[in-house]
Amino acid sequence: MTNGLPLRPPHPQAPKMRASGGLRAFSRRWGRALVGLPPYAWLALFFLIPFLIVLKISFSETQAAVPPYQPLIGWAEDAVLQIRLNLGNYRYLFEDELYFDAYLNSLKIAGLSTLCCLLIGYPMAYAIARAPRTIRTPLLMLVVLPFWTSFLIRVYAWMGILKNEGLLNAFLLWTGLIDQPLQMLETDFAVYVGIVYSYLPFMVLPLYATLEKMDLSLLEAAADLGCRPFRAFRSVTLPLSIPGMIAGSMLVFIPAVGEFVIPDLLGGPDTLMIGRVLWSEFFDNRDWPVASAVAVAMLVLLVAPIMIFQHTQNKSGETS
Amino acid sequence: MKNRAIALYSALGFGYAFLYLPIVLLVIYSFNASRLVTVWGGVSTKWYGELLADEKILDAAWLSLKVAVLNATISTFLGTLAAVVLVRFRRFAGRTLFTGMITAPLVMPEIITGLAMLLLFVAMEQTFGWPAGRSMTTIVIAHVTFSLSFVTVVVQSRLAQMDVSLEEAAMDLGARPVKVFLVITLPIIAPALLAGWLLSFTLSIDDVVISSFVTGPGSTTLPIVIFSKVRLGVSPEINALASIVVAIVSIGILIFGIIVQRQEAERVRSLKTASDRG
């Protein structure tokens, strides 16, 4: 991987290639552009520009028309008034406690769910990474397999388990632990269960990748020096697996903050999450500018975690 | 030492139970004759029959299938190109932006992507008159945008692990870069392409949030139908549908696993014979 294969510079010792070197370099540059352009252009047009449009519309005003927002540019003589009105969407977010609460609650739910994923996922990843080599891949496949079945269906499966006359309540009543069905569906608890359940594979995979790559001779050295297994784990394995923990946590935390389906299906009417607020602003109130402002505010919140994730991704890309 | 192993394996067992029990229960209860979740009314396949008679669901499933195949094919093409760019071209203008645009969709909350895509389509329609309204086309475009990143990541790791000397040998023998890529590189990274294709197929056929934003009248995908039904509560028909999905996925994964295993065994064997001869 030292140079740009397959479009490699011509070999200096090959006389035939040297003769056509200029032409080759020229066609190589064009070849590279031809390879890179389609994905680059696609992402710029359909991923980057849309965010700029969201930003733009978050500054415009709602109107009852199609599309339901006013154009930003125009009426130059009213520019001052226009700007005051334009910031209204954001002021609205600050003034109405609903949005602030929704943000805080999303962060809380996503954060605690990430922690739970870590607590369940770490021992799993560790056990798989230390299992005999031949069964590691099947064990890992078993973690990934549920991810391939529908996300929607997996969330739905919990509805049947958690509802008042659901399977878990029936089981608890049967064991005699409770004599009254517990309200579990339509609570924050159900949302936690749903998020941890849906995102667990995303935590296990990067953790496994770092734990599996770890140099085991470090542990042997620690043992030779009289280190107890638990101490060795704490001072060798745990610090070395931090990149995996960060990558896994970001993979869970960032999408969980904006999660909509899980709080909508499993949460109660008072389970406030920012994704849900955005959805209802957009689909129920048809207020596109406020929905855009909510999206921009959510992105601002997520910029730091996304940067951390990209950093760990690039690092692991370089070492592999 | 022994205790630790037991603790570890029970943690693993607990994790697997957590992952699989809900799905298993769902499949079992799809054969429940009773409409109530907790009452076992005997084994019955009547919900499957009702499902197959529901034309709305069948139409939606057909549309989802078309979208998923189109999406998977386009994303695999674009994602592979992106992976080649990232692994083989070390330096080029805007590399940071490019890597950013590849990794961000991996974690971007769907609801933001969905809203952004819809606003783009609306703005495009206003300015150029295309796409006229929301349809299958807009769904496919939106799906490709988020799934191509996943393909890129899968292909990228395979490309980075690949032995470059094979390509160099072909180059030294005078093969043109395009030919080297088609004859040498492509067959080696083919399993990753297949994995990427399947992954983007799955992401597409499962997506509800982004599709809800960019869909239009008359183009309702299967997840949108399921979601609108499920929002009203548990329904045995959806249990049956879920079981069919689980069955298809399990069979697909099994076949894929066997193919990969065979290829791997083949590769090991050919490497062994090559080293025996040498």
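Letters A, B, ... mirror the listed sequences (proteins, then strands); counts begin at 1. For the numbers below, each heavy atom of this structure counts, side chains included, while hydrogens, waters and symmetry mates do not.
- Contact annotation for B/Val245: only side-chain heavy atoms (C-beta onward) come within less than 4.5 Å of a heavy atom of chain A.
- With ring centers used as reference points, A/Tyr156 lies 6.0 Å or more from B/Phe227.
- Within the 4.5 angstrom heavy-atom criterion, only side-chain atoms of A/Leu265, from C-beta onward, approach chain B.
- Interface remark: of the candidates A/Phe283, A/Trp148, A/Phe202, A/Trp148 forms the most heavy-atom pairs closer than 4.5 Å to chain B.
- For a residue to count as touching a neighbouring chain, one of its non-hydrogen atoms must lie under 4.5 Å from one of that chain's; by this rule B/Ser212 touches chain A with backbone and side chain alike.
- For the set B/Val107, B/Thr202, B/Leu199, the entry with the most heavy-atom pairs within less than 4.5 Å of chain A is B/Val107.
- Comparing A/Phe51, A/Phe147, A/Phe253, A/Phe47 by how many heavy-atom pairs each has under 4.5 Å with chain B, the most go to A/Phe47.
- Contacts of A/Asn169 with chain B are absent, with no heavy-atom separation under 4.5 Å from either backbone or side chain.
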Discussion item. Applying side chain to side chain contact (heavy atoms under 4.5 Å, CB included) to B/Leu81 and A/Tyr40, what does each step give before you reach the verdict?
Written reply: CA-CA 9 Å; B/Leu81 290 184; A/Tyr40 211 127; over 6 Å; no
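- The two residues B/Leu19 and A/Tyr197 make their nearest non-hydrogen contact at O-OH, 2.8 Å.
- The greatest number of non-hydrogen atom pairs below 4.5 Å with chain A, out of B/Gly13, B/Ser235, B/Gly79, B/Ala123, is found for B/Ser235.
- Both the backbone and the side chain of B/Leu78 come within contact range of chain A, each with at least one heavy atom under 4.5 Å from a heavy atom of that chain.
- Two residues are said to be in side-chain contact when any heavy atoms from C-beta on lie closer than 4.5 Å; A/Val261 and B/Val208 meet this criterion.
- Contact of A/Leu152 with chain B is made through backbone and side chain together, with heavy-atom distances under 4.5 Å.
- Around the CZ atom of A/Phe171, the shell of radius 6.0 Å holds no more than 12 heavy atoms that belong to other residues, nucleotides or ligands.
- Here A/Leu43 is the residue among A/Val54, A/Leu45, A/Leu43 with the most heavy-atom pairs under 4.5 Å with chain B.
- Residue pairs satisfying the side-chain hydrogen bond (donor to acceptor under 3.5 Å, both in side chains) criterion with at least one member in residues 96-121 of chain B, sequence neighbours excluded, are listed as follows: A/Gln310-B/Thr103.
- Proximity to chain B is limited to the side chain of A/Trp158, based on heavy atoms less than 4.5 angstrom apart.
- Not one N or O on the side chain of B/Tyr16 forms a donor-acceptor pair closer than 3.5 Å with the backbone of A/Val143.
- Rounding to the nearest 0.5 angstrom, the gap separating the CG atom in B/Leu12 from the CD1 atom in A/Ile128 is 5.0 Å.
- Exactly one of A/Trp279, A/Trp288, A/Phe260 qualifies for a ring pair (Phe, Tyr, Trp, His ring centres under 6.0 Å) with B/Phe213. That residue is A/Trp279.
- Atom CE of A/Met159 and atom CD1 of B/Ile238 lie 10.5 Å apart (nearest 0.5 Å).
- With a 4.5 Å cut-off on non-hydrogen atoms, A/Met307 does not touch chain B at all.
- Residue with the most contacts toward chain B among A/Pro201, A/Ala295, A/Ser150: A/Ser150 (heavy-atom pairs, distance under 4.5 Å).
- How far CG of B/Leu118 is from CD1 of A/Ile53: 10.0 Å, rounded to the nearest 0.5 Å.
- Between chain A and the residues B/Pro105, B/Ser250, B/Gly94, B/Gly100, the largest count of heavy-atom pairs under 4.5 Å involves B/Pro105.
- Atom CZ of B/Arg231 has more than 12 neighbouring heavy atoms from other residues, nucleotides or ligands inside a 6.0 Å radius.
- Contact detail for A/Ala291 and B/Leu115: the closest heavy-atom pair is O-CD2, 3.7 Å.
- A/Ser292 and B/Leu119 make their closest contact through OG-CD1, 3.5 Å (heavy atoms, listed as atom of the first residue, atom of the second, distance).
- When each of A/Ile49, A/Leu145, A/Ile120, A/Leu200 is scored by its heavy-atom pairs under 4.5 Å with chain B, the top score falls to A/Leu145.
- For A/Ala125, no part lies under 4.5 angstrom from a heavy atom of chain B.
- Heavy-atom distances place no part of B/Asp207 under 4.5 Å from chain A, backbone and side chain included.
- Within the 4.5 angstrom heavy-atom criterion, no atom of A/Thr137 approaches chain B.
- Here the CD1 atom belonging to B/Ile23 is positioned 4.0 Å from the OG1 atom belonging to A/Thr149, to the nearest 0.5 angstrom.
- The line from CG of A/Leu299 to CD1 of B/Ile112 is 4.0 Å long, rounded to the nearest 0.5 Å.
- Counting all heavy atoms, side chain and backbone alike, A/Pro50 lies closest to B/Ala116 at CB-O, 3.4 Å.
- For the pair A/Phe282/B/Ile111, no side-chain contact is recorded, criterion being any heavy-atom separation below 4.5 Å from C-beta on.
- Within the 4.5 Å cutoff, side-chain heavy atoms of A/Phe309 are placed close to those of B/Leu106.
- From B/Thr145, atom OG1 reaches atom CG of A/Leu48 across 12.0 Å, with rounding to the nearest 0.5 Å.
- If you measure heavy-atom distances from B/Ile141 to chain A, the contacts under 4.5 Å come from both the backbone and the side chain.
- Using a 4.5 Å cut-off between heavy atoms, A/Phe230 makes no contact with chain B at all.
- Within the 4.5 Å cutoff, side-chain heavy atoms of B/Met108 are placed close to those of A/Ile306.
- Options B/Ala7, B/Pro22, B/Ala11, B/Ala242 differ in how many heavy-atom pairs under 4.5 Å they form with chain A, and the most are formed by B/Pro22.
- Both the backbone and the side chain of A/Leu139 come within less than 4.5 Å of a heavy atom in chain B.
- Taking chain A as the reference chain and counting heavy-atom pairs below 4.5 Å, the highest number among B/Leu203, B/Asn239, B/Ile205 is found for B/Asn239.
- The choice from A/Leu278, A/Val204, A/Leu142, A/Leu302 that makes the most heavy-atom pairs within less than 4.5 Å of chain B is A/Leu142.
- Inspection of non-hydrogen atoms places B/Leu148 of residues 146-153 of chain B under 4.5 Å from chain A.
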Item to complete: Please lay out, stage by stage, how B/Phe181 and A/Val35 fare under the test side chain to side chain contact (heavy atoms under 4.5 Å, CB included).
Response: CA-CA 12 Å; B/Phe181 183 78; A/Val35 171; over 6 Å; no
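- Between B/Pro223 and A/Phe151 the shortest side-chain heavy-atom distance does not fall below 4.5 Å.
- Of all the listed residues (B/Phe18, B/Phe14, B/Tyr9), the one sharing the greatest number of non-hydrogen pairs under 4.5 Å with chain A is B/Phe18.
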